[in-house]
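Each chain gets a letter, A, B and so on, in the order its sequence line appears, and its residues count up from 1.
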Amino acid sequence: MAKKIYEKYEDKLPLKIIEEVKSEIPKKTKASIIKKILDDVYKEFKQSSLEPGESIGIISAESIGEPSTQMTLNTFHFAGVAEMNVTVGLPRIIEILDGRKTIKTPTMEIYLKKPYSEGKEIKKIAKSIKQTTIQDYVEEISVEITESKIKIKLDKEILKEGVVDEKKILSLLKKKAKGYNVKQDRKELLVIPKDEDKNIGEIYRMKEKIKEIYVTGVKDVTQVLPVKRKGEFMIITSGNNLKDVLKLDFVDKTRTRSNDIYEIRKILGIEAARQVIINEVFKVIENQGLNVDIRHIMLVADTMTASGKIRGITRYGIISEKSSVLARAAFETPMKHLINASLIGELDDLNSVIENVMLNQPVPAGTGMPTLVTKK
Amino acid sequence: MSEIYLNGKFIADTDKPKDLMKKFIEERRNGQVPYSVNIHYDEIMDQVKIESSHGRAIRPLVVVKNKKPLLTSKHLEQLANNEISFSDLLRQGVIEYLDAMEEEEALIAFYEDELTEEHTHLEILPLAIVGLCTSLVPYGNFNQSTRLNAGSKNQKQALGFYVSNYLVRLDMDVNLLHTAQFPIVKTIMHDYSDYSSHPSGQNVVVAVLSYDGYNMEDAIVINRGSIERGFARSTYYRPIISEELRYSGGLIDEISIPDKDVKGYKSERDYRFLEDDGIIFPESKVKEGDVIIGKTSPPRFLSSLDEYNLATSSRRESSMSLKHGEKGIIDFVLITENQEGNKLVQVRVRDTKVPEIGDKFTSRHGQKGIIGMIVPSEDVPFSASGIVPDILFNPHGIPSRMTMAHLIEMLGGKVGALSGRFVDGTPFDSEPQEKLRKELLALGFKDDGTETFYSAKTGKKFKAKIYVGNMYYLKLKHMVSNKVHARARGPIQLLTRQPTEGRAKEGGLRLGEMEKDTFIAHGSSLLLKERFDSDRTVVPVCNECGIIAIYNEFKNKSYCPICGDNSPVSNIELSYAFKLMLDEFKSLGIYPKLILKNKY
């Protein structure tokens with residue numbers, strides 16, 4: 001009996017609301033009462049939905065823009081606590097909304113599976129994620145100009161830790177240093193060019209290259225910081241490589257995240273990217289102690305990701321998709337748009353707001369929406 | 001080896017840089033080296049730097065040797081008797097100038113009794129660490145630094161008695177305060193700068209008290225009685241200048257009452273004050289638009305044909321008249337000649353400005369505010385002894401700004417006014433507050449400066465004791481009468497047909513981009529259209545080619561210049577700015593075609 005009543009409302013109300021009503025109403029409630037409740041819910045739902053012609057875009061823009069003017073550019077630091085430098089405040093918001101491909105401070109929050117999330121070997125794990133290159137294991141690396149060879153003195157103390165041994169470095173060098181012979185001396189490793197009269201400049205460049213040879217860890221992760229958050233150990237990194245991190249078996253794949261929208265889109269898809277935009281923007285606004293309704297940010301994120309690709313709020317992003325020439329010209333680079341439009345004979349239907357302001361016509365929003373319809 | 005640099009250039013080196021420096025300073029004190037040359041030894045860089053370049057800030061200090069300043073009472077005596085001068089002290093090495101770098105080496109005592117073995121210099125006067133304007137702030141050392149700064153800046157904008165020969169001067173934009181007074185609470189700088197001959201404020205009774213919200217947000221409430229008695233009244237002088245210019249071809253401007261057939265002739269009424277010589281007579285009351293100096297100029301382009309052909313005079317009207325919003329009385333007329341021998345007429349207009357709501361006032365402590373209300377004398381709260389304050393200052397202005405000197409000045413002013421003397425408020429060297437309080441108590445007042453007050457409206461006693469005292473208040477040059485501006489209709493720009501900008505051109509107030517957005521956010525589409533109707537035009541558009549057509553008024557018919565006389569033309573309503581943009585497109589070679597459709 002009750003089931004039928006709920007079914008009736010399925011195309012009127014969102015499923016989530018029906019579920020909520022269902023869970024709140026005690027069993028054995030009379031059908032007529034359930035119906036009355038659902039009617040009231042429907043009425044409330046109708047009332048809180050927007051009317052056609054409401055300028056949600058501008059309202060969102062104003063709601064985000066106004067508090068943003070109060071945002072401080074300086075970041076807050078906590079003295080004494082180990083902390084990573086992350087872009088926050090207005091610069092970060094601009095970065096996200098512009099849809100920048102390379103962000104200033106890429107970071108990851110790596111959650112761990114049990115028992116690692118309880119702190120087991122947390123330092124060791126963190127270290128294993130961090131990318132190391134040859135220069136991390138070297139005490140001194142120098143070019144012997146007179147003998148035209150590179151001398152590498154390994155740091156015995158670090159090697160003692162047992163992550164890498166001398167052999168591994170030797171084999172890495174042999175693999176990467178093409179055109180050079182690698183020899184092991186008593187104290188040092190020697191990299192000698194096969195071609196004897198090799199230019200000294202080239203040898204120097206080789207030395208710089210050797211320094212950057214990747215040894216262990218996850219590539220691009222330049223810094224790791226194990227922290228305890230809400231009773232759980234996790235790792236914060238600077239530099240991101242979500243793809244490789246997710247391959248590690250001690251990582252909780254469901255919660256680990258990156259702050260790079262493009263990376264997320266590539267690995268987890270556009271919906272996840274949308275959620276990252278919302279989370280990141282909201283985090284900044286919350287950090288600044290401002291109060292912006294999350295739905296405004298959701299609208300922005302929706303517009304940015306609606307096409308399946310990430311498009312920033314710039315003249316190359318969503319603005320370039322506006323159908324009206326005049327609207328695009330009114331935003332930025334008017335000459336570019338006008339000339340292109342005249343070359344292909346573009347037609348402007350004057351369908352949106354800004355063109356109608358230019359022509360001094362009523363804008364099609366709010367009271368400007370309804371028009372007379374006549375029979376033909 | 002230490003390197004020696006003169007003005008940044010290497011000149012020599014030395015083994016004993018410290019000895020060199022000592023010797024150098026000694027020689028300078030003996031007059032062997034000019035006083036403006038400074039030396040500094042940088043121990044970290046091991047460099048001796050000697051500076052003689054211009055542009056360094058240097059300041060004088062008394063030289064100290066063995067806990068004793070070289071400046072003795074004998075010097076002071078000689079100075080007082082005009083036997084020696086400041087430069088003599090400099091020559092004797094009693095006083096020397098240090099720059100920022102040499103100051104690093106010095107340990108400077110503030111007061112003489114602070115001197116120890118280590119001290120090398122003594123301040124001539126503690127007050128000397130601030131400039132002229134700042135030293136005019138009484139008890140300035142009790143203020144927060146930002147307020148002190150604001151206070152000294154405000155004094156520069158105060159109206160006062162800037163010169164005494166103002167009657168024969170023709171300065172631009174001059175304000176003179178009537179009955180300006182010397183401050184009761186002064187600093188020694190007021191004496192030294194001869195402030196009594198050019199004062200710039202008045203001593204008034206101030207009560208720290210809010211009044212019906214009319215002194216919220218830094219506003220002040222003024223007693224109408226005080227204004228009627230002449231408080232903060234000022235006169236504004238402005239000269240109007242016109243010159244008989246000479247042009248090529250022997251033509252010349254003529255200062256006279258313009259003939260009626262002159263191009264651009266105003267109305268007879270506008271010229272009514274002019275005498276036969278074309279210049280207004282003194283003491284005439286003038287308003288905006290009235291001509292002050294009548295003048296005609298020769299035609300601008302001699303070559304244009306009609307100028308030759310027509311027999312009538314083709315001279316242009318170029319009189320000087322009062323601009324929009326100006327009024328006054330003609331004060332003074334001067335007819336003279338300039339360097340080139342052209343006739344030059346200068347007319348000075350005077351206007352008395354009585355304080356009104358919106359005029360800006362300040363004390364000397366950065367506590368500026370505008371008049372929020374002028375209250376009739378009988379409605380101003382009064383003290384138990386019957387004192388009715390001139391100004392009601394809002395207490396909320398005090399805590400966040402921490403202008404303690406403001407409060408001390410009130411106390412000092414009260415003591416000064418009651419005992420008939422001046423109170424010395426020189427920063428760092430002022431009469432102590434305790435002394436003022438004792439004196440106030442002896443005069444029969446509460447020593448904290450508060451008094452019992454009564455509401456003038458109800459006659460009831462206020463529960464709180466009100467802090468009252470005398471203060472030196474300044475009227476600042478920003479007066480509403482020079483700034484008020486509103487417009488409903490008015491002049492428009494020739495190019496865009498949009499309203500002009502700015503008060504001088506009686507312009508409109510721009511409804512900008514963001515303001516426009518608020519209309520859209522409210523969905524008030526038609527109101528937005530109406531707001532932007534200022535440049536609305538109706539233009540004929542050809543239905544076929546979509547180009548703006550031409551309207552022939554004689555035939556009362558529109559036609560398209562491209563498609564010919566018989567093409568259909570419709571009138572549409574547009575903003576003129578858009579029509580202008582279409583024209584600009586056409587000049588760029590872009591064809592902006594308007595496709596017309598029926599709306600319904």
**Asked** At what distance, to the nearest 0.5 angstrom, does CZ of A:R92 lie from CG of A:N287?
**Response** 11.5 Å
**Request:** In plain terms, say whether B:K579 and B:D583 are close enough for a salt bridge, that is, a side-chain N and a carboxylate O under 4.0 Å apart.
**Result:** yes
**Request:** Can you tell which part of A:L350 gets under 4.5 Å to a heavy atom of chain B, answering side chain, backbone, both or neither?
**Result:** neither
**Asked** Quick one: what part of A:V363 sits under 4.5 Å from any heavy atom of chain B, side chain, backbone, both or neither?
**Response** both
**Request:** Go through B:H406 and B:I398 one step at a time and tell me if the side-chain contact (heavy atoms from CB on, under 4.5 Å) criterion holds.
**Result:** CA-CA 9 Å; B:H406 187 94; B:I398 300 286; 4.0 Å; yes
**Message:** Main chain of B:H396, side chain of B:N394: is a donor-acceptor contact present, judged purely on distance under 3.5 Å?
**Reply:** yes
**B:R510 and B:E501 ion-paired at < 4.0 Å** = no
**Item:** Heavy-atom contact with chain B under 4.5 Å, split by part of A:L343
**Value:** neither
**Message:** For A:E54, which atoms come within 4.5 Å of any heavy atom of chain B: side chain, backbone, both, or neither?
**Reply:** side chain
**Prompt:** Quick one: of A:G57, A:P362, A:G368, who has the most non-hydrogen atom pairs under 4.5 Å with chain B?
**Reply:** A:P362
**A:L347 versus chain B, the contacting section by heavy-atom distance below 4.5 Å** = side chain
**Message:** Tell me which of these, A:I58, A:I59, A:L359, has more heavy-atom pairs under 4.5 Å with chain B than the rest.
**Reply:** A:L359
**Request:** Can you tell which part of B:L588 gets under 4.5 Å to a heavy atom of chain A, answering side chain, backbone, both or neither?
**Result:** side chain
**Flag for A:S324-A:D348: side-chain donor and acceptor within less than 3.5 Å** = yes
